[in-house]
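Single-structure report; data block below.
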Amino acid sequence: MSHILPRSFYIRHPTVVARELLGKVIASHIDGEELTGRIVEVEAYLGLADPAAHTFGGKTERNAVLFGPPGFAYVYFIYGMHYCLNFSCEPDGVPGGVLIRAVEPLKGLDTMVRLRGLASSANPRLLASGPGKLCQALGITRSTHNGLDVTRKASPLQVFDDGYSPVSILATPRIGIRKAVEEPLRFMAAENEFIRTKR
DNA sequence: GGAGCGATGTCCT
DNA sequence: GGACATCGCTCCG
């Protein structure tokens, strides 16, 4: 039996939320269709104490969601062409979030292939194996998804617990950042076939 | 399978 | 004006 993760799930420290998000299922509703994927790779961003976090310099219009209540989607635009998806953590007023880096596509693969602009013969591993890729595969953009409450029953973006949990979790430094590059705040479901090269 | 690199818009100093 | 929580292509082995 699967259920939507409640707000209390997200109210904790980003490191705890990040680890526990592994194995949970993201559901995106696009044009009446449900697309789902299991979270296999995440990174924690720690708010004011973390030089690599968008919230490090304080609250701005862009990062306001991360300062708000837990359980909301923070979607930002990066490198002129990609979106990245995070979920806000910590109590209202305390910044913090978890970046979703990869999901294992479960449902709606044909639509994901189309949204990604790939050939129908494409390897499913290429569909959502990166933060920009998974947003494209799930139809997530800043204008449509930033600030959405993912704990709401009617939300077009939700996160479910379907009872699955990863056998073991791998922790490594985060990637693609320039500051605080040593902190082991990237977490992966170690046994999953959809994570990329380990290190 | 990995290093190098260009594309490209938005945010913040 | 520079940095940027990326991706996919090329070229090389």
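First the proteins, then the strands, lettered A, B, ... as listed; each starts at 1.
- Using a 4.5 Å cut-off on side-chain heavy atoms (C-beta onward), A:Val65 and A:Asn86 make no contact.
- The aromatic rings of A:Tyr83 and A:Phe77 sit tilted relative to each other, their planes meeting at an angle between 30° and 60°.
- The ring-ring contact (aromatic ring centres under 6.0 Å, His included) pairs that include a residue from residues 123-170 of chain A number zero, where partners must be two or more places apart or lie in different chains.
- Rounded to the nearest 0.5 Å, atoms CG (A:Leu35) and CE (A:Met112) are 5.0 Å apart.
- Near DNA chain B, meaning a heavy atom under 4.0 Å away, the residues from residues 57-78 of chain A are A:Thr60, A:Arg62, A:Phe77.
- Without hydrogens or angle criteria, A:Arg101 side chain to A:Glu41 main chain gives no donor-acceptor distance under 3.5 Å.
- Between the A:Asn146 side chain and the A:Val75 main chain, a donor and an acceptor come within less than 3.5 Å of each other.
- The distance from the CD atom of A:Glu34 to the CG atom of A:Leu106 is 10.0 Å, given to the nearest 0.5 Å.
- Taking the charged nitrogens against the carboxylate oxygens, A:Arg174 and A:Glu183 have no contact shorter than 4.0 Å, which rules out a salt bridge.
- If you measure from atom CG of A:Asn146 to atom C1' of B:dC11, you get 13 Å, rounded to the nearest angstrom.
- When each of A:Lys179 and A:His82 is assigned the nucleotide of DNA chain C with its nearest heavy atom, A:Lys179 is the one assigned upstream, toward the 5' end.
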Begin from the C-alpha positions of A:Thr151 and A:Tyr10 and carry the test side chain to side chain contact (heavy atoms under 4.5 Å, CB included) through to its verdict. CA-CA 10 Å; A:Thr151 68; A:Tyr10 299 94; 3.8 Å; yes
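- In this structure a side-chain-to-backbone donor-acceptor pair under 3.5 Å is present from A:Gln158 to A:Lys153.
- The nucleotide range of DNA chain C contacted by chain A, defined by atoms under 4.0 angstrom from heavy atoms of the protein and reported 5' to 3', is C:dC4 to C:dG8.
- Residues from residues 121-137 of chain A lying near DNA chain C, meaning a heavy-atom separation below 4.0 Å, are A:Gly130, A:Pro131, A:Gly132, A:Lys133 in numerical order.
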For DNA chain C, what string of dots and brackets results from 5' to 3' when Watson-Crick and G-U pairs need both distances under 3.5 Å, crossing pairs get [ ], and pairs with another strand get |? ||||.|||||||.
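- Of the possible donor and acceptor atoms, one in the side chain of A:Glu43 sits under 3.5 Å from a partner among the backbone N and O of A:Ile175.
- The side chain to side chain donor-acceptor pair (under 3.5 Å) pairs that include a residue from residues 17-27 of chain A are A:Arg12-A:Glu20, where partners are two or more places apart or lie in different chains.
- With hydrophobic clusters built from ILVMFWY side chains whose heavy atoms lie under 4.5 angstrom apart, A:Leu99 shares a cluster with A:Phe72.
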